[in-house]
Amino acid sequence: MFLVDSHCHLDGLDYHSLHKDVDDVLAKAAARDVKFCLAVATTLPGYRAMRELVGERPNVVFSCGVHPLNQDEEYDVEMLRQLAAEEGVVAMGETGLDYFYTPETKPRQQESFRNHIRIGRELNKPVIVHTRDAREDTLAILQEERVTDCGGVLHCFTEDRETAGKLLDMGFYISFSGIVTFRNAEQLRDAARYIPLDRLLVETDSPYLAPVPHRGKENQPAMTRDVAEYMAVLKGVSVEELAQQTTQNFSRLFHVDPSRLQSA
Ligand SMILES: [Zn+2]
Ligand SMILES: [Zn+2]
């Protein structure tokens with residue numbers, strides 16, 4: 001079985017007491033069949049540091065972008081364009097809108113989101129979208145900026161079935177994290193049942209929000225396995241089939257050569 005963690009912050013894990021280094025994290029993941037990761041950046045200096053930390057590996061690709069919660073300072077859009085064009089970068093982001101934590105930076109978040117989509121279209125790299133308390137504006141900007149040209153994924157999905165439908169209509173993929181396993185996530189499970197298998201991705205968003213039964217512990221890519229097992233039950237398929245489908249979807253969306261997504 002081959003699973004992909006389609007969204008993790010490898011630079012945010014605990015390398016003091018929990019893990020020795022990135023090799024250690026990836027070995028623990030591989031032991032549970034999670035054999036490939038997309039390491040997601042949240043600032044431009046963070047992107048550079050992440051590349052340094054992870055190095056060149058056959059089983060890790062990167063995104064480049066500035067998170068909506070990191071819009072308190074301006075950044076150089078030209079620099080974003082340059083870094084995003086680098087080899088090994090398969091996506092823009094994470095970008096999007098978060099009005100829950102930082103409503104005061106709304107205008108800057110929107111401008112930044114638009115820039116990520118524009119650059120994504122130029123470079124033919126899909127966008128990784130984060131949204132919280134900003135459903136209408138997120139959908140409107142995706143539409144206005146013609147995101148269908150580069151495609152994208154709504155990561156760590158916490159919206160409802162209707163929003164999922166609108167995203168699917170735009171050709172979007174939808175990624176589920178450990179939140180889908182939480183007791184009070186019934187609306188989310190309803191959406192998950194509705195989304196076709198060929199548009200689903202799984203992720204950890206580690207180090208945040210570990211899935212059941214690891215709640216309270218630090219999340220890590222290995223726990224993609226728990227999300228996948230849970231999603232398989234929801235979708236009424238075997239975990240092997242869910243793994244195969246989501247890995248194929250990952251390859252298609254992020255233009256990652258399928259030969260990199262097979263067990264040796
Ligand atoms: Zn996010
Ligand atoms: Zn994230």
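Atoms within each ligand, like the ligands themselves, are counted from 1 in listed order. What's counted below: heavy atoms across the whole structure, side chains too, no hydrogens, waters or symmetry copies.
The Zn ion (ligand 1) has E94 OE1, H130 ND1, H155 NE2 as its protein N, O or S neighbours under 2.8 Å.
Aromatic ring orientation, F254 versus F250: tilted (interplanar angle from 30° to 60°). Ring orientation note: the planes of F62 and Y47 are nearly perpendicular, at an angle over 60° on the 30°/60° scale.
Residues K125 and V90 have side chains not in contact (no heavy-atom distance under 4.5 Å, counting atoms from C-beta outward).
Sorted by first and then second residue, the ring-ring contact (aromatic ring centres under 6.0 Å, His included) pairs with a member in residues 131-151 form an empty list; sequence neighbours excluded.
No donor-acceptor pair closer than 3.5 Å links the side chain of Q71 to the backbone N or O of P107.
No hydrogens or angles considered: a donor-acceptor pair under 3.5 Å links the side chains of H130 and D98.
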